[in-house]
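Notes follow once the structure below has been shown.
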Amino acid sequence: MVTIKDVKFKDNFRPKVFVTHNDTPIVGINLLREKCDVIVSETNSSQETLDKIKGVDGIYWVSHEKLDGKILDAAGPQLKVVSTMSVGIDYVDVEEFKRRNLPLGYTPAVLNDAVADIGVGLMLAASRRFHESRLKIDSSQWERRPQWLLGQEIRNSIVGIVGFGGIGETIAKRLTGFDVAKFLYCGHNKKKSAEKYNAKFVPFMELVAESDFIIIICPLTDETRKLFNSEVFSKMKKTSVLINIARGDIVDQDALYEALKNNQIFAAGVDVTSPEPLPADHKLLTLPNFYITAHLGSATVKTRNDMSLLGAMNILCGLAGEPLNEAAY
Ligand SMILES: O=CC(=O)O
């Protein structure tokens, strides 16, 4: 649920706001329109953004394009606030916002459920071989024998969560009903939320070696870039399943290809890749144990509407000089 506050501007101020994408759910745009003059991008191009942000008071940055000092300079010194419509802000130069003391909003929390659902969906699809079984049917290769296309089970498994933030915790909540044997996690120590799920904080390599399922849901940073490389894959269980619902660059995709092809790990399910989209002739797409969705983590009607409202609310608060609903720093 997004808290909609009735913000007030001083002296009949009617701010100008630019929205960088014309596919932004209308609920957020309408909320802005109640108090602002809103210009919505027509072409979604970076050139149009650069041209039209000149002189605006707020920018709704609804794309994962680079957001840095060049953009802020192009807008001008009257700019009061920017909000993204995403939880991951690896494409934003946050230091530059801090340096300018410019409020930056983002949209966490409202997407925890939807992204956790995609994570669990990929776990099931990859461990129970959904795609592979479809391929077998398509090519008339159905085999009538008891040990055909056997998968791995979540029941009694050890689930390792890399990044126990809001989404990581929601995944643990979802999986509690699957009778998991143990949750491990690494990243930041989150004692309070971890206690609820008996999740144990362990060093990264311990999580890698012990887990039957590994779910990546940490931010992309200099420390996590290519965190999953050939050395890490060599330490994972042969029966393990890797899920990435965070950012593609956290996984070395060449190393993942080798690990899947050589059955060093059982399967992988990813909602994110590098680049996006993955080219249709990419080698990973030739593997039956590689599962992929098209960066759909938060892509449900309810969640995208909530994100749209939350980002708009961030902008309204920033324009009124009030604390943002969700500030990124
Ligand atoms: O990837 C999606 C997001 O960061 O919201």
Side-chain angles (χ1 to χ4, degrees), residues 1-2 19-25 27-29 44 59-68 71 81-94 97 104-123 161-171 174 187-188 215-228 242-251 253 268-278 291-315 324-329:
M1 269 291 279
V2 181
V19 182
T20 63
H21 208 294
N22 58 20
D23 196 38
T24 306
V27 284
I29 294 179
N44 308 324
I59 306 176
Y60 200 171
W61 196 262
V62 190
S63 39
H64 289 200
E65 304 295 323
K66 199 166 178 190
L67 171 51
D68 57 10
I71 303 288
V81 60
V82 179
S83 182
T84 71
M85 199 181 101
S86 66
V87 61
I89 49 168
D90 43 282
Y91 54 90
V92 183
D93 186 347
V94 180
F97 275 80
L104 171 68
Y106 72 141
T107 61
V110 291
L111 42 61
N112 288 353
D113 290 309
V115 180
D117 290 348
I118 275 275
V120 174
L122 283 167
M123 281 175 81
I161 302 177
V162 180
F164 205 73
I167 299 169
E169 188 182 337
T170 309
I171 289 174
R174 297 275 187 283
H188 296 293
I215 300 155
I216 306 172
I217 186 56
C218 58
L220 171 65
T221 62
D222 288 343
E223 287 82 56
T224 62
R225 193 176 302 276
K226 300 236 163 100
L227 181 65
F228 282 80
L242 179 72
I243 304 299
N244 186 5
I245 49 174
R247 287 291 183 261
D249 281 318
I250 298 172
V251 174
Q253 289 178 171
V270 308
D271 187 42
V272 288
T273 53
S274 179
E276 284 176 2
L278 208 56
Y291 289 75
I292 181 164
T293 45
H295 202 148
L296 297 178
S298 61
T300 68
V301 176
K302 278 187 199 161
T303 295
R304 286 280 158 87
N305 281 345
D306 282 351
M307 291 167 75
S308 170
L309 281 173
L310 178 52
M313 204 56 236
N314 283 336
I315 290 174
L324 311 192
N325 277 33
E326 293 287 357
Y329 73 89

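In listed order, ligands and their atoms are each counted from 1.
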Measure the OG1-CG distance between Thr221 and Asp249 for me, rounded to the nearest 0.5 Å.
-> 11.5 Å
Here the gap from Asn325 atom CG to Tyr106 atom OH, rounded to the nearest 0.5 Å, amounts to 12.0 Å
Without swapping roles, check the side chain of [X] against the backbone of [Y] for a donor-acceptor pair under 3.5 Å.
X      : Y      : result
Gln253 : Thr273 : no
Thr293 : His295 : no
Tyr291 : Ile243 : no

The answer, listing residues by chain and number that come under 4.0 Å of ligand 1 through any heavy atom, is His64, Ser86, Val87, Gly88, Leu111, Arg247, His295
With side chain to side chain contact (heavy atoms under 4.5 Å, CB included) as the test, would you mind laying out the steps for Val162 and Thr224 before giving the verdict?
-> CA-CA 10 Å; Val162 180; Thr224 62; over 6 Å; no
